[in-house]
Amino acid sequence: MEEIKNIELRPRIAEALKDAKFDTVSDVMHRSDNELSKKLKLSSKDVKELVQCMAQEIIKTRPLLFPFTNALKMLNSGEQRMLTTGDAIIDKILGGGIMSCGITEIVGESAAGKTQLCLQLCLTVQLSKKLGGLEGGTVYVSTEGNVQILIKRTQQMIHSFKQRHDFLKDVNLSDEIKYITVPDLDTQYQVLHLQLPILLSRNKIRLVIIDSIAANFRVVYSSSDLSILRKRSKDLCKLGTKLKEISDQFRLPIICVNQVSDLFSKYDIREFIGNKDDNFWEYDYYQRQFLVGKGSKIPALGLLWSNMINSRIMLSRADRTLIGMEDNCQRTITLMMAPYAPRQWGEFYIDIEGIHGKVN
Ligand SMILES: Nc1ncnc2c1ncn2[C@@H]1O[C@H](COP(=O)(O)OP(=O)(O)OP(=O)(O)O)[C@@H](O)[C@H]1O
C-alpha cells in the first residue's frame, strides 16, 4: 500500500499522522472518521480532507481497480453484456444468459446439473459475439480431481455442438479449455493469486470457472470454533475480492459453483439471508421452499459469500425416477438474484448434448 510520506498534505495533518505512526494509506482507510479524529487528534474537517486525499491517491495509483464507466460508455463500447448458455429457453430464464463480468454463482445439490451447465458454457464462450459468445477460451479450476470425467463429457458435448454449428467442424474446441486441479485451499490460493493472472494475460481466455468454491473451504473450516470462523470469513473475503479484481482487470465473467447446506429450521433462513427487508426475494423463496418441505436447502458459505457475488443461479432436481434407461427427474433452474433481471425460473433437462430448457 502507498506510503503516506510521499503524499502532499497540510503540515498539521502530516505531523499528526507522523506522531500517531500512520505510515500507509491503508492505516487511514481502514479506520472510521471517529477513530481517526480520536487517534490523530484532528478536527472532523481535517479528517474529511485527509480521507479525501487518501482516496484520490488510491484512484491515482491503482487505476485498474477503478475503471469508472457510465451507461453511455458501456453502450458505445459495444461490449458483449451476456454470454449465451446455448439454449434459448434457458437464456430467457436467465435474463439473456450469464453476465459477461463479475461473479456468477451456480448453486445446487449434488447431480443438479451444475457441472453440465459449466461445461456447456466452455463451448458457447468460444462462439463469436454475434452468436452470443465471448470469442475466447476457459480456465476450468476443479476441486474435485475428476478432470478425466470432465474431458470425456466435454468431448461428448463437442460432438453435438459441432453438428449444430457446422462452421466449427475444423476447430479444436477442447484446446481452448484449460483444466487446473486444486486439491486443497493452499493450492487454490496459489493458483488464483499467481498462476491464473499469468494464464489470463498470455492467452485469450474469456471465462473462468471454479468448480466448486465451497469444497476446499468446507474441509479446512469445518469447526465452529469462533477464531476459526473468523479466519474463514477473512479468507472468504480475500477470495471474493481477488476474484472481483481478476474479473475487472481481464474483463471476463467468473463462475463459481457452490454446494448447498440443509435447512433445519426457518430461523436458519434469517441467519443466512440477514435482514429480511434487505433481501425480501431470497427470504421469500427459501421460506416457501422450507414450508412446503421441498428442497429445504440454502447455498453453502453463508451470508458473507452471498454478498461477494453479483448473481446467483440455483439448480434443483426432484427425486430421480428412471424410466427404462432414461433419467426422467424434474429439474428446475432459477435466477435467484441478478442486477439485470427479476427472479424467474423454468424447467430443464439434460441429455447427451448438454442442458436444455423445457417449453411449458
Ligand atoms: N451424457 C449424459 N447424458 C445425459 N445426462 C447426463 C449425462 N452426463 C450427465 N448427465 C446428467 O447430469 C447429472 C449430473 O450433473 P452434474 O455432474 O452437472 O451434477 P453437479 O450438480 O455438478 O453435481 P456435483 O455437485 O455432485 O458435482 C447426472 O445425474 C445425469 O443425470
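First listed ligand is number 1; within each ligand, the first listed atom is number 1.
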Q) With backbone taken as N, CA, C and O and side chain as the heavy atoms from C-beta onward, which portion of Arg153 lies under 4.0 Å from ligand 1: side chain, backbone, both, or neither? A) side chain
Q: Specify side chain, backbone, both or neither for Met157, according to which of its non-hydrogen atoms lie closer than 4.0 Å to ligand 1.
A: neither
Q. Short N/O distance, under 3.5 Å, between Thr115 and ligand 1?
A. yes
Check ligand 1 against [X] and write out every atom of the ligand that is under 4.0 Å from a heavy-atom position of the residue.
X      : answer
Glu109 : 21 (O)
Asp351 : 3 (N), 4 (C)
Gln156 : 1 (N)

Q. Asp87 side chain to Gly357 main-chain N or O, any donor-acceptor pair under 3.5 Å?
A. yes
Q. Under the 3.5 angstrom rule, does the side chain of Arg31 hit a backbone N or O of Asp27 as a donor-acceptor pair?
A. yes
**Q.** Contact list for residues 155-165, test salt bridge (Lys or Arg N to Asp or Glu O under 4.0 Å), sequence neighbours left out
**A.** none
**Q.** Geometric class of the Phe167/His165 ring pair [parallel <30°, tilted 30-60°, perpendicular >60°]
**A.** perpendicular
**Q.** Heavy-atom closest contact (Val125 atom, Cys122 atom, distance)
**A.** CG1-O, 3.4 Å
Q. Quick one: do the Asp184 and Thr187 side chains pair a donor with an acceptor below 3.5 Å?
A. yes
Q: For the residue pair Thr154 and Tyr179, confirm or rule out a side-chain donor-acceptor distance under 3.5 Å.
A: yes
Q | Pick from Ile350, Leu117, Ile149: the one approaching atom 11 (C) of ligand 1 most closely through a non-hydrogen atom | A | Ile350
Q. So is Glu353 in contact with ligand 1, going by heavy-atom distances below 4.0 Å?
A. no
Q: Tell me, please: is Gly108 in heavy-atom contact with ligand 1, that is, under 4.0 Å?
A: no
